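What follows is a short report on a single structure.
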There are 2 protein chains.
Amino acid sequence: MTTKDRILEAAAKLFYREGVRAVSVDAIAEQAGVTKRTLYYHFRSKDDLIAAYLEGRDQPNLALFQRWFAEAEGGLPEKIEAIFRNLAKSARHPAWKGCGFLRTSVELVEFPGHPALVAGRAHKKHVEDWLSEVTGDRQTARQIILLMDGAFAVVLLHRDPSYLETAGAAAARLAAAPAQPAST
Amino acid sequence: MTTKDRILEAAAKLFYREGVRAVSVDAIAEQAGVTKRTLYYHFRSKDDLIAAYLEGRDQPNLALFQRWFAEAEGGLPEKIEAIFRNLAKSARHPAWKGCGFLRTSVELVEFPGHPALVAGRAHKKHVEDWLSEVTGDRQTARQIILLMDGAFAVVLLHRDPSYLETAGAAAARLAAAPAQPAST
DNA sequence: CTATGTATATTCACTGGTGAGTATACATGA
DNA sequence: TCATGTATACTCACCAGTGAATATACATAG
């Protein structure tokens with residue numbers, strides 16, 4: 001594992017756990033076991049590091065959703081609901097802190113053009129595109145995304161993962177009977 | 001208007017615009033036209049001020065939803081959808097930055113017991129309780145909340161208020177046909 | 001009806017600490 | 001000997017919170 005990878009891994013861990021603003025570059029360097037100067041050799045700035053953190057989460061995150069969907073029994077509504085059930089299970093872990101993409105978009109609300117937000121938008125679009133494919137309907141895909149992201153926010157606030165199951169039930173119902181006949 | 005009110009008003013404006021972490025106590029004092037020491041005479045700490053900011057938003061926010069609901073034509077689904085339509089209109093204003101409660105809960109994720117988060121949870125519960133009343137079903141109320149909070153997050157990320165209308169359509173459908181016969 | 005005391009409200013100037021980022025030097029393998 | 005990578009030790013800006021003093025208003029005792 002290269003030094004650069006170790007730095008990114010340390011950054012990702014701390015950024016997710018505490019938020020991108022709360023974590024100092026010094027703390028990341030220490031966690032990675034390098035000096036701050038070395039960190040700045042591999043990354044141009046803290047903002048660069050934040051962007052790299054989110055870019056690195058796009059694929060694994062999407063792949064996880066796809067695996068949960070593929071491995072679930074039943075028809076489309078059941079498979080959609082399975083994603084939420086798995087999310088609820090994750091959310092019961094004490095280290096769970098919601099969606100890193102959404103949280104970063106809040107922390108960087110003053111900088112709408114920040115590269116990390118560009119990466120965040122791309123990620124959410126990838127999920128939406130994939131859901132459009134499997135549901136055959138963009139509107140339904142968006143409503144599922146809205147339920148999921150809403151659940152991230154609400155569960156983080158109340159620390160009550162059961163909202164993810166409530167969201168899953170709603171998503172399953174919307175997937176079972178799309179508003180207008182399928183139209184990707 | 002008292003000095004204390006002016007400080008709180010200044011804090012609320014800056015906290016909503018830039019986020020509670022990004023705003024310095026000095027900036028609030030300057031905006032309020034007092035010295036920092038005066039600010040600390042009226043508020044014990046910055047955390048106190050953050051809590052006061054959210055506590056002050058609870059009632060006005062809820063009242064706004066209730067007004068939008070009351071003033072809308074049509075049955076329950078139409079009235080629910082009207083709330084989202086009004087939110088979408090607000091979100092088109094360039095100063096709109098999502099939901100202050102949810103954003104603060106992200107910014108203070110490291111401090112789950114923070115008084116501002118207690119105020120945030122209370123507010124969301126008030127909205128949920130009111131929606132339970134008007135829909136006659138807690139599950140439906142929660143799903144509407146999930147759609148609304150999801151839309152706050154997604155619209156903030158993509159800067160595309162149309163997601164609020166998509167959420168409104170889903171909320172109307174769920175309100176029109178609750179999963180199980182009404183049970184508050 | 002003045003002198004003294006006290007509570008409220010405000011100011012200026014400061015501190016200890018932390019933040020991101022850098023100047024410079026040293027190592028080491030190709 | 002040159003590019004790559006790492007370290008020590010720094011700069012400079014900012015930030016939450018404080019110490020000490022002051023202004024103002026209003027008591028009430030002499």
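Remember, predicted model here, so these are calculated numbers, not experimental data. Just so it is clear: chains get the letters A, B, ... in the order the sequence lines come, proteins before strands, and each one is counted from 1.
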Query raised in the report: Between residues 2-28 of chain A and DNA chain D, which residues have a heavy-atom gap below 4.0 Å?
Result: A:Thr3

**Report entry** Pairs touching residues 147-160 of chain B that satisfy salt bridge (charged side-chain N to carboxylate O under 4.0 Å, His left out), sequence neighbours left out
**Finding:** B:Lys124-B:Asp149

Query raised in the report: With sequence neighbours left out, what residues match B:Leu62 under side-chain contact (heavy atoms from CB on, under 4.5 Å)?
Result: B:Gln59, B:Gln66, B:His126, B:Val127, B:Trp130

Query raised in the report: Is the side chain of B:Gln143 donor-acceptor paired with the backbone N or O of A:Thr166 at a distance under 3.5 Å, no angle test?
Result: yes

Query raised in the report: Residues in ring-ring contact (aromatic ring centres under 6.0 Å, His included) with B:Phe43, at least two apart?
Result: none

Requested in this report: Kindly state each residue pair satisfying side chain to side chain donor-acceptor pair (under 3.5 Å) with at least one member in residues 107-122 of chain A, sequence neighbours excluded.
Outcome: A:Arg21-A:Glu110, A:Asp47-A:His114

Report summary line: Within residues 30-48 of chain A, the residues having a heavy atom closer than 4.0 Å to DNA chain C are A:Lys36, A:Arg37, A:Tyr40, A:Ser45, A:Lys46

Report summary line: So the salt bridge (charged side-chain N to carboxylate O under 4.0 Å, His left out) pairs with at least one residue in residues 28-45 of chain A (sequence neighbours excluded) are A:Asp26-A:Lys36, A:Arg44-A:Asp48

Requested in this report: Give every residue pair that meets the side chain to side chain donor-acceptor pair (under 3.5 Å) criterion with at least one member in residues 88-105 of chain A, sequence neighbours excluded.
Outcome: A:Arg92-A:Glu165

**Report entry** Start and end of the DNA chain D segment that chain A contacts, any atom under 4.0 Å from a heavy atom
**Finding:** D:dT4 to D:dT8

Query raised in the report: For B:Tyr163, which residues count as a ring-ring contact (aromatic ring centres under 6.0 Å, His included) partner, sequence neighbours excluded?
Result: B:His158

Report summary line: A:Tyr53 meets the ring-ring contact (aromatic ring centres under 6.0 Å, His included) criterion, sequence neighbours left out, with A:Phe15

Query - Inter- and intrachain pairs under side chain to side chain donor-acceptor pair (under 3.5 Å), touching residues 73-85 of chain B, at least two apart - result: none

